[in-house]
Amino acid sequence: MPAGFSKVVCRFYGYAGMMFMLMRDILNEFEADWASVPTLPEKYDFSPLRGKTFLVFGHSAARCVAYSLLYFNDEKKLGINVIITGETSHALKNFHPDILSRNDFRFLTLEEMDSVDKVDYILDGGFCCEQFSGAPEEFIREISQRNAVIEFAKRCRPDRYVLLSDSRVYGKPQPYRIYSEGEMSVDRFENDINAAETQILRTIETLLSSAQKEIGFDLTILRTGMILGACAKIHSPLDKVFESAAGAKSCELYNSDTKITVTYITDVLKAVYMSITDLKSNAVYNISRNDSTVSTGEISAMLKNIYGGKCKIHLSELGGEEFAYAPINGSKTEFNGCESKISLQTAMELCVMSYSEEGLQISPTIHDGRLKTVQQLLLGFILDVDRICRKHNIQYFLGGGTLLGAVRHGGFIPWDDDADIMMLRKDYDKFLELAPSELHKGLSLQSNVYDKNCHYEFSKIRLDNTVFATVFSREHTEMHNGLSLDIFCHDATANSSLGRKLHKNATIFFRALVFNKWNHRKMDNGNKAASFVGNFCKRVFPLNFSQKLLNKTMSLFKNKKNPRYLYDGMGRNIYNGEFPASYLSKAVYVDFEGYKLPVPAEYDKYLKYLYGDYMKLPPASQRIQCHDIKLFDLGEYSQFTLKSDIKP
């Protein structure tokens, strides 16, 4: 292969010398979803990746890894370089052509890798979820290419070598068995192709394990189940099922007599990143969720539950060679802080939507099809608050996600199931005083002042005779847990930077004191001295006393004249710090579900303070589901529809 062949490839595609495009502009919303790996920990540390060079090798899974690296290089300004290698330019098959013009991306043949002295990480897609044609030369080519990469690793000694494998490596699964990392099946496949796929996977793992022992680089092996990925172009025998469900067409599905484990590509990519920074090296990990080990019959039933008559799957006893994936146990990976997050239902819905002409949609199964009813009820809450506030000259604003929905969507965020409003202290106190006698029948005000069993720092309006409880709130059975509207107060804070810092930290401390006392939890903020003081105060102070200290702390500056700053002492945005009081000095009215409702006149500045680029939609997988509600009962309101003639 002549030197400089990769440059010829770029010229062939016609993109050499052009300014490269951002990955967010290249990828569709399904690709951008998994490339952005929304299941990564919120505070994932990208610093070990900065300025590093990655060699990516392999097939379809490797392409997804490369996309994700380039995506984060754009979003996080990591300054990384990605090298793709392969025997020929065929390794670039299915890559977006626009990627070839990027200056952080190179293709080098395996022969050209002799010109590279060092890479920091090798991310090897292996034979993960690939199909074997049965040709002996394919087996030989796969192993010889891997040997070439191993020889390169011996020379350049990467900081970490991550290999993607899959559950076919365990061999033919025995009935009722779920395989952990150190186990292998002793049963043999009757089908030569299945046996060869297992042998390819085992040979690659063995070659790398031997090389690791010989030269001492860090090696992590990640074994996936059958990978699903919307628009990921990773072959799955379920693809035809998803396409048929999207088009309401009939299809046949092999009726498996053993279970298989399914892993979504997002969680595979998460495991790759966690392997670089968190997971212990020189170990093998299974990437799976407990609820994603199922039979094909269960997959058929789940799809029919979601899509009803559109899903026309017929189970067949024929075939089955493509379903030779063993069921695997991912407990070890979860124990080491890398829990798989994408449920099988979400994975399948994303895949079906990727084939649909309608594209991304809200899951019809959210709250068992009652999301619209929930939003209608919440709108009724808001309109009742609006009525009271207009009557008594109380200023309020739509807040949080409800404000974002008003500005970005003209109503509720389509996948949202809660509602927030916010007030300044004088309006908040006045509203709490008047609301109990002014709210419509069936609505109750809940606050730590009126409800001795409630210790939220903010207040709520609850719908009587309903239940809408999260994992947290369901533990407090003595408290009203009906469907609710959240009411937040934004308090004044000090004008000096030191005063604001002390006020914020005191609020955070007393909030933690109340929360952990209420929930019988030990305080641990990472600082031994502070945690000791917190746990001492938690033991000594009665809960109601701590609650009073918190309320006093939040309203400490309520009588301050002309405060320059406010802070969100009751919400999670307290960690964003203070913001100018001018943001909430005046209201304007915008359309919200057909009604004119108040938002801050400076809503653009306020939303940027809350969310940054607030017009950017979240990843696709976070737009088809909403909060995980554990107890849900709308009672007599299960068919509720707001009357169209209601006026605020």
Query - Criterion side-chain contact (heavy atoms from CB on, under 4.5 Å) on K517 and L513, from CA distance to verdict - result: CA-CA 6 Å; K517 181 86 172 182; L513 200 62; 5.8 Å; no

Query raised in the report: Do other residues, nucleotides or ligands put more than 12 heavy atoms under 6.0 Å from E478 CD?
Result: yes

Query raised in the report: Among pairs that include at least one residue of residues 465-476, which meet salt bridge (charged side-chain N to carboxylate O under 4.0 Å, His left out), considering only residues two or more places apart or in two chains?
Result: none

Requested in this report: Return yes if some donor-acceptor pair links the side-chain N/O of Y396 with the main-chain N/O of D427 below 3.5 Å, else return no.
Outcome: no

Query raised in the report: When you look at H480 and D464, which way does the side chain to side chain donor-acceptor pair (under 3.5 Å) test go after all the steps?
Result: CA-CA 8 Å; H480 194 330; D464 297 339; 2.9 Å; yes

Query - Flag, side chain of T346 to backbone of I342, donor-acceptor distance under 3.5 Å - result: no

**Report entry** Nearest-0.5 Å distance that lies between atom OH in Y589 and atom NZ in K596
**Finding:** 11.5 Å

Query raised in the report: Any side-chain heavy atom of F592 sitting closer than 4.5 Å to one from D386?
Result: no

Query raised in the report: When you check the side-chain N and O atoms of Y606 and H490, is any donor under 3.5 Å from an acceptor?
Result: yes

Query - CG (N465) with more than 12 external heavy atoms under 6.0 Å - result: no

Query - Test item: L377 and T466 side chains (from C-beta on) under 4.5 Å apart, heavy atoms - result: no

Query - I382 versus A419, closest heavy-atom pair with distance - result: CD1-CB, 4.1 Å

Query raised in the report: Sub-3.5 Å donor-acceptor pair from the side chain of Q361 to the main-chain atoms of G359, do we have one?
Result: yes

Requested in this report: Check the pair S621 / Y264 against side chain to side chain donor-acceptor pair (under 3.5 Å), numbers first and verdict last.
Outcome: CA-CA 11 Å; S621 57; Y264 197 66; over 6 Å; no

Requested in this report: Examine distances only and state if a side-chain atom of N573 and a backbone atom of D568 form a donor-acceptor pair shorter than 3.5 Å.
Outcome: no

Query - Shortest non-hydrogen contact from S236 toward L228 - result: OG-CD2, 3.4 Å

Report task. Drop me the distance from F431's CZ to S459's OG, to the nearest 0.5 angstrom. Result -> 9.0 Å

Query raised in the report: Counting heavy atoms not belonging to K310, are there more than 12 under 6.0 Å from its NZ?
Result: yes

Query - Side chain to side chain, L445 and E433, heavy atoms closer than 4.5 Å - result: no

Report task. Output, in order, the C-alpha distance, side-chain angles, deciding distance and verdict of side-chain contact (heavy atoms from CB on, under 4.5 Å) for V374 and K372. Result -> CA-CA 5 Å; V374 168; K372 288 298 182 184; over 6 Å; no

Query raised in the report: Between the side chain of Q376 and the main-chain N/O of T641, is any donor-acceptor distance below 3.5 Å?
Result: no

**Report entry** From CA spacing to verdict: side chain to side chain donor-acceptor pair (under 3.5 Å), S36, E75
**Finding:** CA-CA 9 Å; S36 65; E75 301 300 311; over 6 Å; no

Report task. Start with the C-alpha gap between L27 and H96, add the side-chain angles, then the distance that decides, and say whether side-chain contact (heavy atoms from CB on, under 4.5 Å) holds. Result -> CA-CA 8 Å; L27 304 179; H96 284 282; 3.8 Å; yes

Query raised in the report: Any side-chain donor paired with an acceptor under 3.5 Å for Y450 and S444?
Result: no

Query raised in the report: Just by modelled atom types, is the S473 backbone N or O under 3.5 Å from a matching donor or acceptor in the N481 side chain?
Result: yes

Requested in this report: Report, as yes or no, whether the 6.0 Å neighbourhood of atom CG on N290 holds more than 12 heavy atoms from other residues, nucleotides or ligands.
Outcome: no

Query raised in the report: Any side-chain heavy atom of W34 within less than 4.5 Å of one from C64?
Result: yes

Report summary line: Smallest heavy-atom separation, D417 atom then C626 atom, equals OD2-SG, 3.5 Å

Query raised in the report: Is the shortest heavy-atom distance from the side chain of L597 to the side chain of V590 under 4.5 Å?
Result: no

Query raised in the report: For P600 and M422, which heavy atoms make the closest approach, and how far apart are they?
Result: CG-CE, 3.7 Å

Report summary line: Smallest heavy-atom separation, K341 atom then K270 atom, equals CG-NZ, 3.9 Å

Report task. Check whether any side-chain N or O of K430 sits under 3.5 Å from a backbone N or O of H392 as a donor-acceptor pair, and report yes or no. Result -> yes

**Report entry** Test item: T402 and I421 side chains (from C-beta on) under 4.5 Å apart, heavy atoms
**Finding:** no

Report task. Say whether, by atom type as modelled, one donor and one acceptor occur between the side chain of S356 and the main chain of M353 under 3.5 angstrom. Result -> no

**Report entry** Heavy-atom check, side chain of E457 versus side chain of F515, under 4.5 Å
**Finding:** no

Query raised in the report: Within a reach of under 6.0 Å around CD of E298, are more than 12 heavy atoms found that belong to other residues, nucleotides or ligands?
Result: yes

Query raised in the report: Which is it for E349 and Q625 under the side chain to side chain donor-acceptor pair (under 3.5 Å) test, yes or no, and what are the steps along the way?
Result: CA-CA 10 Å; E349 287 187 274; Q625 296 286 351; 3.3 Å; yes

Query raised in the report: Is it true that D384 and R387 have a side-chain N and a carboxylate O under 4.0 angstrom from each other?
Result: yes

**Report entry** Verdict with reasoning, Y583 to Y603, per ring-ring contact (aromatic ring centres under 6.0 Å, His included)
**Finding:** CA-CA 7 Å; Y583 287 6; Y603 65 80; over 10 Å; no

Query raised in the report: Checking R564 side chain against A581 main chain: does a donor-acceptor pair fall under 3.5 Å?
Result: no

Report summary line: Separation between OG1 (T365) and CG (N305), nearest 0.5 Å, reads 9.5 Å

Query raised in the report: Any chance CG of N562 has more than 12 other-residue heavy atoms, nucleotides or ligands included, within less than 6.0 Å?
Result: no

Report task. Go through Y44 and M274 one step at a time and tell me if the side-chain contact (heavy atoms from CB on, under 4.5 Å) criterion holds. Result -> CA-CA 9 Å; Y44 177 78; M274 297 293 282; 4.0 Å; yes

Requested in this report: Heavy atoms only: give me the nearest I287-S340 pair and the separation to one decimal.
Outcome: CG2-OG, 3.7 Å

Report task. Classify the ring geometry between F46 and Y273 as parallel (under 30°), tilted (30 to 60°) or perpendicular (over 60°). Result -> perpendicular

**Report entry** Ring center gap for W518 and Y456 short of 6.0 angstrom
**Finding:** yes

Query raised in the report: Rounded to the nearest 0.5 Å, how far does CG of D429 lie from CD1 of I394?
Result: 10.5 Å

Query raised in the report: Is it true that a side-chain atom of W415 and a backbone atom of I362 form a donor plus acceptor pair closer than 3.5 Å?
Result: no

Query raised in the report: Less than 4.5 Å apart, any side-chain heavy atom of N544 and any of H455?
Result: yes

Requested in this report: Mind checking the CG-SG spacing from N28 to C231? Nearest 0.5 Å is all I need.
Outcome: 4.0 Å

Query raised in the report: How many angstroms lie between atom OH of Y565 and atom NZ of K560, to the nearest 0.5 angstrom?
Result: 11.5 Å

